[in-house]
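Letters A, B, ... are given to chains in the order of the sequence lines, protein chains preceding strands, and every chain is numbered from 1.
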Amino acid sequence: MTDVLLEVKNLNTWFDSRAGRANVVDDVSFSIRRGETFALLGESGCGKSMTALSIMQLLPNQAANNMSGEVLLEGQDLLQLPEVAMRTVRGNRIAMIFQEPMTSLNPVLTVGVQIGEVLTKHKGLKGAASKARIIELLEAVGIPDPTQRIDEYPHQLSGGMKQRIMIAIALAGDPDLLIADEPTTALDVTIQAQVLDLLRKLQKETGMAVLMITHDLAVVSEMVDRVGVMYAGQIVEMASRDDFFNEPQHPYSQKLFDAIPSMGKRDEALAIIPGTVPDLAQEFHQCRFADRCQFSWDTCQQQVPRWISGNDSRGVRCHLYDSTIENKSRVAEKVELISTSSSNTGEELLTVSNLKVHFPIHKGLLKRVAGYVYAVDDVSLRVNRGQTLALVGESGCGKTTLGKGIIQLVKPTDGSVLFNGADLTQLSQNELRSRRKDFQIIFQDPYSSMNPRMMVGDIIEEGMIAQGIGDSAEARRVIVDELLQQVGLRPEHRNRYPHEFSGGQRQRICVARALAVNPKIIVCDEPTSALDVSVQAQILNLLKDLQKQYQLAFLFITHNISVVAYLADDVAVMYLGRIVERGSVQEVLENAKHPYTQALLSAVPTIDKESKQEILRLEGDPPSPINPPNGCHFHPRCPKAINECRSEYPKSRTISSTHEVSCHLY
Amino acid sequence: MSVKLLLRHPLISSLPIALVVIWAIGIFASGAQSVFLWTDVLVYILVLTICVFALISSSREHLRDPWRQIVQHKLGMLSLVVLLVYVLIGLLDSVHFRLPLVVENATAEQKTVHEGEVLSVLDLLVTPIRIQEEKTYSAPFATHLHTTETIERPDGSRERTYPRLEYGGAHLENPRTDKYSDIAMNSVLGVLVGLIIWSAIVLMVLFILAMQKQANVSAIAKMILSGSSLVPWRLILATVGFMCLLLGLMIILGPKYHILGTDKVGQDVLFQSLKSIRTGLVIGTLSTLIMLPFAVLLGIMAGYFRGWMDDVIQYLYTTLNSIPGILLIAASVLMIQVYMANNPQMFESDAERADARLFFLCVILGITSWTGLCRLLRGEALKIRTVDFVQASQAFGVSNFKIIWRHIQPNVMHIILIAVVLDFSGLVLAEAVLSYIGVGVDPTMHSWGNMINGARLEMARDPIVWWSLLAAFIFMFALVLAANLFSDAVRDAFDPRLRKQ
């Protein structure tokens, strides 16, 4: 195998802490061929980023020298290289792009300077030659108008553009290997599709190999040739893309697939992985996944599984496939069914009509209003009792503002919110305060949505006290205990602080907090987007369960189409402050009418390639809501735009009794 | 065994404190009249507040954890020991009373008459150096005055010479030959006394630790000696030891010599420096105490409510900030000074008047120095009000006051604490500067600023009078350095951005 570019052999990286030595990368071996894309897949904290940083030798200080094993780049062991020599490898032969394009660029240097830096260092290019190459690179990564962009600062560029610049910087050294650490996680789906396309195109042109680090199975499915699944610092399964997606072997991989929500799973509970990743600061004498595995038996608890290699570089670390061990596996439990006998009573709970939220922009000495951010512009929607309306759109389209505007956390500029017969926008502060128990909100980030200085019991109790629920402290405590149990936590967790819980557990506490006041509707503002897929499944199951039990209505704000398909009854698609299409979930997802909805759906990476409809790629970024384009807001990016679109905003047109679309095409 | 049990009794471990209390009661029982100066009362309130805060902290994990970090911080604990010594001296100097006037064959009426002079516990403790006043300047450890005087000899002839000091080295027959060996002898004695005190403290600490950890004393001693204890006891005890040595030297040498010389009116400079400690501490702490309500209330309100309230408060502190601070302070102090001069009947004694002026200086410093913290808190409150947990409370209809109290306040507490500790040293230095330009504390009050101001003119003398300045410098330097090091430790522990996971 002469075409092996990078070979990692028995790589170990550890942190020494008071609790002991934690092997964050444990005996990891893999190889990447020239021009190949290899993915390290795993949930947060499994050691995939640490593996990449170990290869680059960019580990945080406390682990800088805690490495063993070999990292062979074309036969040369990088771990033996001194720092000086390593510097010529970084950027030149191995380049890296990071997850967060916002913080990866220096805000006080122009784009040109930042790319030029790499060129001067690794290629010795200066002056005009350097500039010419920079423009070439910017063109290669699809930046329009590169001669102008070269002198711009990062803040003048959008997130997608910044990630392209990062890629340009990475390409500047003509690397043999590009390490991409979650390159699209922080981006919207349409932008993610652009960036992934770009990476594919560049790889074809330059023949570089890519080490892709991701948690997203769909991205893996679209991008890579081979995949390694990591769990608790180890690679537990390695396979080619096709083998992996046709037949994942390790129970953990299987669970990952099962945990992905989709339309087809609407009637069943999603598979969850119970428990948490074990603490790495210990010596393992058992399978690391044994406690969470549905197949585990005695041997799994007593013996560390060995690496069992199959044909075609396939391998798995599991006793199930070890022919020397007798298989006594428990039978897999059946999938739990949730009867979703449509609880649609048709009873209207919330009606939003012509809601507008405009934020004034103050300028000048006297702070005169110089313009408005049209965050939410003329939105009407309806939520029925016990039903879920999903609000879909890219970041910055105003969906969070709409959610907050509905529950009066942001004062709407105009329009009405009819809830239980009362117009919330017209109520006085005091009247509103007493009604607040009917509508609650769950936030995206479970880390910032709880006061770190309060105990969980107090956090849940706060709303009950404010709304006068429970007569005495004792009565409230009983309710808190019940709530904690209901969301799958224990009553004694009451006296703990939020930081002692994992992300998923925190989100459960947030659900419990919202439930404490017996709301009729909960606005869920991307409650699962900060969570790993297996944890997301737990939260989605919980929400679905609670909906059935209490006839709760959800306004589910998300950008994740698969969650929509799994959970929603109705869908509203939002673009730049307005709803462009709405209808039942089948209508919108399977028979999308609006070009934006179609583009959004086709941009979502999917696991099964066959079901893919025609590919519709959007160019550019969403325009600013400060001055939206004339006519249809979408027309500058719309591939099907006609003349009318440029002059007039389309009226809402009815496709069926439930399906409406705002587009001139219909 | 029984001895051990006895030692475990909490009363025994608090024996030294008990002794001081008994002694203080003794003073008052002998007919002393207690005097509560304004700043005394505030100091008591402050101490009480700190105790309450410590009690609250001990029950809340998020407050207890940073303190646990500070306790394990080596430099932090070293500076804390130094600070505590200062605080102890300051507190001893904050218990004031008047002793009964000693009259032979006093009548009942006369017995209730008290001396005019207000004394503190510290004054009594350092009595020899307080009352041993020379005529004028004398150098540290001198036996003769710094200036020449005309002396009439027994034979009638006159001679200009350096006269012997009344107290400093007065016990020596022949100062020129005996002085150095006497100082050396006494120093050794002083070191011994210091060591005895130190061993007493070390034993006490050992027993208390052994009691807490249910281990035997020798094991604890071994752990401390090897430096493997979590709290850096070895370093703490070493610092305490150094302090004890200084104390021992002072006890033995103090009554016999003027360790740091005397000033223009012959007062012992060491005594002045010790008395100045209270002034410095009071300025440093009370000013912050007065500043805090302004800064915290206004800052959080501005950040949380936004709108017109924010505009008003911002306008207020921008205006205040654009007036040179020293100008504002000087104007206020002069006004107060004039007022007090016109209303002499308000104050019973000079001490009370000087104290009132100190109090007003604190108030003025407090009022002029809240802007920085206020701005910080406004920014932080602006940030926190948009965080999800505040929005969640708003969604529950929790009242604004409750949100501020339960969500904003605990999350800015670390900033307040860091600012208070950082400001302290700045304020101590500010006092020195203000007194130096004459708008600080009362000229009759002992303070480092006044000492420096007094020493200013004498710098040009030949031979130079350097000891007042040096003494003030050393005492102030040690305090400010300790405070700064301690504030570093506090910041390391409380600042979430610096905290190690």
Residue A/F439 versus chain B: region with a heavy atom under 4.5 Å: backbone
Side chains of A/R453 and B/M413 in contact at under 4.5 Å (non-hydrogen atoms): no
OH (A/Y372) with more than 12 external heavy atoms under 6.0 Å: no
Under 3.5 Å: donor-acceptor pair, side chain of A/N451, backbone of B/F389: no
A/L409 versus B/Q391, closest heavy-atom pair with distance: CD2-O, 3.6 Å
Enclosure of A/D471 CG (heavy-atom neighbours >12, cutoff 6.0 Å): no
A/Q429 atom CD: more than 12 heavy-atom contacts under 6.0 Å: no
CD1-CG distance between A/I442 and B/D388, expressed to the nearest 0.5 angstrom: 12.0 Å
A/R476 CZ: over 12 foreign heavy atoms closer than 6.0 Å: yes
Residues A/M454, B/H407; criterion side chain to side chain contact (heavy atoms under 4.5 Å, CB included); working and verdict: CA-CA 8 Å; A/M454 275 165 78; B/H407 294 298; 3.5 Å; yes
Those residues of residues 393-401 of chain B, ordered by number, that approach chain A below 4.5 Å (heavy atom to heavy atom): B/S393, B/Q394, B/A395, B/F396, B/G397, B/V398, B/S399
Contacts with chain B made by residues 456-464 of chain A (heavy-atom distance under 4.5 Å), listed by residue number: A/D458, A/E462, A/G463
Contact winner vs chain B - A/K437, A/Q444, A/Q440, heavy-atom pairs under 4.5 Å: A/Q440
Residue A/R513 versus chain B: region with a heavy atom under 4.5 Å: both
